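Remarks on the structure that follows.
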Amino acid sequence: MASVAFRFEWTGSTLRVVLSGMDCVFNGRRIVEIDRADVARAAVVQRHELESRVDHRQLGFGTHAGERYPGRRRVGTQLGRGVVGPQFWATARSGPELPLLVLDLIDHEFARAVLAVSETDVIDALLGSNSPTNQDS
């Protein structure tokens with residue numbers, strides 16, 4: 001069976017989510033790029049606060065109904081309450097306390113990106129004092 005995997009790369013001012021294995025197949029792409037200029041707001045939020053609003057998986061890997069099926073692996077386009085437009089999720093299976101990086105985007109194919117990014121340099125670059133973003137806990 002083919003693997004499912006994703007990783008994050010920070011290049012200049014661009015965050016790249018690189019998909020491999022079945023994630024590529026299920027999403028019909030290998031890379032999602034988010035330029036820092038596309039980020040209107042960034043915050044770190046616990047998973048349980050966001051996942052309960054996921055209503056439908058449009059494309060990708062993971063279950064529908066985040067409220068009924070929390071903690072599952074979600075990689076791809078999700079639709080949900082509180083966000084007008086598609087959201088790109090890249091998060092592994094985890095508990096409700098997992099902190100997720102939430103990027104509200106402008107002029108991008110996705111309205112929001114929800115990422116399980118643990119790399120401090122990526123978070124610092126997107127939440128840093130010199131960026132147009134802010135942090136909510």
Side-chain angles (χ1 to χ4, degrees):
M1 181 173 168
S3 67
V4 286
F6 60 87
R7 72 177 190 277
F8 301 101
E9 296 175 353
W10 182 249
T11 320
S13 67
T14 303
L15 174 62
R16 300 175 82 208
V17 183
V18 181
L19 307 174
S20 63
M22 292 305 290
D23 282 336
C24 272
V25 174
F26 291 149
N27 283 284
R29 65 171 65 206
R30 185 170 184 274
I31 295 172
V32 174
E33 292 187 327
I34 302 167
D35 191 88
R36 187 174 175 188
D38 295 334
V39 179
R41 180 177 171 273
V44 176
V45 179
Q46 286 189 334
R47 183 177 183 143
H48 74 276
E49 294 179 37
L50 299 171
E51 198 166 40
S52 64
R53 295 183 231 151
V54 171
D55 294 326
H56 182 69
R57 180 192 73 243
Q58 187 176 23
L59 186 65
F61 190 90
T63 59
H64 299 279
E67 191 168 35
R68 285 184 33 208
Y69 303 108
R72 304 264 176 106
R73 186 174 197 289
R74 296 183 195 289
V75 180
T77 308
Q78 312 288 324
L79 299 175
R81 289 164 275 139
V83 177
V84 177
Q87 304 174 47
F88 181 79
W89 279 60
T91 183
R93 183 182 180 128
S94 71
E97 70 287 343
L98 178 73
L100 298 176
L101 179 62
V102 179
L103 306 174
D104 290 327
L105 305 172
I106 52 173
D107 297 327
H108 196 275
E109 68 179 294
F110 296 104
R112 173 179 278 176
V114 179
L115 311 170
V117 177
S118 61
E119 292 84 356
T120 306
D121 59 332
V122 172
I123 295 172
D124 288 347
L126 291 166
L127 299 178
S129 59
N130 294 328
S131 76
T133 60
N134 62 43
Q135 180 175 0
D136 294 339
S137 299

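Computed from a prediction, not measured in an experiment: that's the story for all the values here. FYI, the numbering just counts along the sequence from 1.
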Checklist entry - Can you tell me if Asn27 uses its side chain to pair, donor with acceptor, with the backbone of Arg29 under 3.5 Å? => result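 Side chain of Asn27 to backbone of Arg29: no pair is present.
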Checklist entry - Is Ile34 linked to Val18 within one hydrophobic cluster, defined over Ile, Leu, Val, Met, Phe, Trp and Tyr using a side-chain heavy-atom separation of less than 4.5 Å? => result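 No, Ile34 and Val18 fall in different hydrophobic clusters.
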For [X] and [Y], which heavy atoms make the closest approach, and how far apart are they?
X	Y	result
Gly71	Glu51	N-OE1, 2.8 Å
Ala90	Val17	CB-CG1, 4.1 Å
Gln87	Phe110	C-CD2, 3.9 Å
Phe6	Thr91	CZ-N, 3.7 Å

Checklist entry - Could you give all pairs that pass the salt bridge (Lys or Arg N to Asp or Glu O under 4.0 Å) test and reach residues 11-20, with sequence neighbours left out? => result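 For residues 11-20, and leaving out neighbouring residues, the salt bridge (Lys or Arg N to Asp or Glu O under 4.0 Å) pairs sorted by first residue read Glu9-Arg16, Arg16-Glu33.
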Item to check | Leu15 and Val39: CA distance, side-chain angles, deciding distance, side-chain contact (heavy atoms from CB on, under 4.5 Å) verdict | outcome: CA-CA 11 Å; Leu15 174 62; Val39 179; over 6 Å; no
Next on the checklist: As a quick check of understanding, evaluate side-chain contact (heavy atoms from CB on, under 4.5 Å) for Trp89 and Leu50, giving each step before the final call.
Outcome noted: CA-CA 11 Å; Trp89 279 60; Leu50 299 171; 4.0 Å; yes
Next on the checklist: Would Val83 and Gln78 count as a side-chain contact (heavy atoms from CB on, under 4.5 Å) here? Give the steps.
Outcome noted: CA-CA 10 Å; Val83 177; Gln78 312 288 324; over 6 Å; no
Checklist entry - Residues in salt bridge (Lys or Arg N to Asp or Glu O under 4.0 Å) with Arg30, at least two apart? => result none
For residues 92-106, please give each side-chain donor-acceptor pair under 3.5 Å, one per line with the distance, not counting sequence neighbours.
from, atom 1, to, atom 2, distance (Å)
Ser94, OG, Arg47, NH1, 2.9
Asp104, OD1, Arg112, NE, 2.8
Asp104, OD1, Arg112, NH2, 3.1
Asp104, OD2, Arg41, NH1, 3.3

Next on the checklist: Working to the nearest 0.5 angstrom, can you tell me the gap between Ser20 OG and Ile31 CD1?
Outcome noted: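 With rounding to 0.5 Å, OG (Ser20) is 11.0 Å from CD1 (Ile31).
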Next on the checklist: Rounded at 0.5 Å granularity, tell me how far CD in Glu109 sits from OG1 in Thr77.
Outcome noted: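 Between atom CD of Glu109 and atom OG1 of Thr77 there are 7.5 Å.
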